[in-house]
Amino acid sequence: MDSEGIEKLIRSHLAGFTGYSASTSPDTLAGKVDVPLDSIIKMNANENPYGCSPRVLQALTDNPHFHIYPDDGQQELRKLLAGYTGIAVEYVVAGHGSNTLIDLIVRLFVGPGDEVINCVPTFDIYRFSTEICGGTLVNINRDEQFTVDVKSVKESISKKTKLIFLATPNNPTGNIIPRRDILEILDTGLPVVVDEAYYEFSGETVMPEVSQYRNLIVLRSFSKWAGLAGLRVGYGVFPPRIARCLMAIKIPHNVSVAAEIAVRESLADIDYLKDRVKAIVSERERLFDGLRKIEWLRPFPSQANFIFCNVLKGNAAELHRKLQKKGILVRYFDKPLLRNSIRITAGKPEHTDALLKALRDIGE
Ligand SMILES: Cc1ncc(COP(=O)(O)O)c(C=O)c1O
């Protein structure tokens with residue numbers, strides 16, 4: 001069969017599929033920026049500018065066992081995560097980043113024709129995984145402050161609804177969903193995925209509710225607060241029966257030995273990491289104040305490690321390009337519900353200073 005013949009065999013709904021648009025990596029920018037690649041300031045992917053704990057680096061250097069597969073049952077890892085969250089081990093499942101857990105949850109619940117409620121604008125992976133599984137997205141618009149419309153969420157529930165996604169803090173807008181709203185949605189009895197990838201920056205969680213609500217799933221990540229984005233490790237807390245099903249359908253050995261070590265050492269160095277989180281939160285507030293003083297930007301208050309801004313004068317794509325030329329990467333959006341806007345990751349103090357100066361220079 002020739003390659004065109006093979007293409008005809010692709011599942012029809014995936015032939016023209018719109019993938020996830022990931023952030024630009026500095027390695028791809030040679031010749032496109034006015035600074036050396038290693039001095040690029042990366043404020044486009046909500047990574048932790050301080051990196052991981054030094055204990056992680058040391059333990060990875062010292063480990064002689066990378067030729068051995070990790071424990072498929074994640075026993076040590078789940079125990080560590082149970083200790084961190086205060087939730088019993090049988091509720092916990094770890095993944096190669098929380099993205100893969102989102103994908104796994106959708107694969108467990110959603111088939112062709114099933115509906116998934118999504119409060120937009122929000123993290124695009126909920127759409128991505130739902131569409132790959134042939135599910136139908138039921139998009140509920142947030143209001144102008146990006147608050148979730150609980151009434152519309154409840155009214156949109158049908159016999160086909162299989163999952164409701166709630167990101168808190170939300171990406172890219174940074175706002176949290178009030179606890180009473182989450183509980184009201186949980187009272188529908190449908191599976192509700194509360195994505196707390198940025199929990200350590202907001203301090204707000206519904207994790208303790210998992211023992212009360214048999215339909216609550218909480219997802220967390222080590223990418224942001226613990227600086228492990230490159231090692232890929234996230235986890236979720238699920239009703240135990242769901243956790244068992246997920247353990248059964250996950251790809252074997254889905255968390256690497258390196259990631260397991262990194263979790264163990266991060267949790268052993270929690271005070272160090274929490275101090276870094278504090279520094280990022282205070283820098284987020286300084287960044288917010290600085291952005292507010294630029295009259296052609298409208299920043300939104302955030303409880304995550306980034307700030308979403310409307311660009312009120314000029315064009316966000318152009319602003320993104322000009323900042324990139326100066327060696328500062330931010331994320332820009334120009335699509336329905338996210339018109340002419342940018343998202344800036346909170347960095348170190350010198351990153352804030354460089355960004356604010358660049359914005360002022362561009363605005364002149
Ligand atoms: C809301 C939200 N959930 C989940 C993730 C995925 O995180 P990871 O797969 O790195 O754990 C992200 C990453 O940007 C996110 O913003």
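Numbering of ligands and ligand atoms starts at 1, following listing order.
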May I have the step-by-step check of side chain to side chain contact (heavy atoms under 4.5 Å, CB included) for T85 and T205, ending in yes or no? CA-CA 11 Å; T85 55; T205 182; over 6 Å; no

Verify the distance criterion only: is there a donor paired with an acceptor across the side chains of S53 and E265 at less than 3.5 Å? no

Are N305 and E200 linked by a side-chain donor-acceptor pair shorter than 3.5 Å? no

Looking only at heavy atoms, is any part of [X] under 4.0 Å from ligand 1, and if so is it the side chain, the backbone, or both, or is it neither?
{"X": "F222", "answer": "neither"}
{"X": "S98", "answer": "both"}
{"X": "N99", "answer": "both"}

Salt-bridge criterion met for [X] and [Y] (N-O under 4.0 Å):
{"X": "E184", "Y": "K154", "result": "yes"}
{"X": "E76", "Y": "K79", "result": "no"}
{"X": "D334", "Y": "R339", "result": "yes"}
{"X": "D353", "Y": "K357", "result": "no"}

Ligand 1 and Y126, any nitrogen or oxygen pair closer than 3.5 angstrom? no

Would you mind checking which non-hydrogen protein atom is closest to [atom], with the distance to 0.1 Å?
{"atom": "atom 14 (O) of ligand 1", "value": "K224 NZ, 2.8 Å"}
{"atom": "atom 1 (C) of ligand 1", "value": "D195 OD2, 3.4 Å"}
{"atom": "atom 9 (O) of ligand 1", "value": "R232 NH2, 2.8 Å"}
{"atom": "atom 12 (C) of ligand 1", "value": "F123 CZ, 3.3 Å"}

Atom indices of ligand 1, in the order listed, that fall short of 4.0 Å to a heavy atom of [X]:
{"X": "Y198", "result": "1 (C), 13 (C), 14 (O), 15 (C), 16 (O)"}
{"X": "S223", "result": "8 (P), 10 (O), 11 (O)"}
{"X": "A197", "result": "2 (C), 3 (N), 4 (C)"}

With a 4.5 Å cut-off on side-chain heavy atoms, are F222 and L231 touching? no

Determine, using heavy atoms of H96 and all atoms of ligand 1, whether some pair is separated by less than 4.0 Å. no

Measuring from non-hydrogen atoms of S221 to any atom of ligand 1, is the shortest distance under 4.0 Å? yes

Angle class for the Y198/F306 ring planes (parallel below 30°, perpendicular above 60°, tilted otherwise)? perpendicular

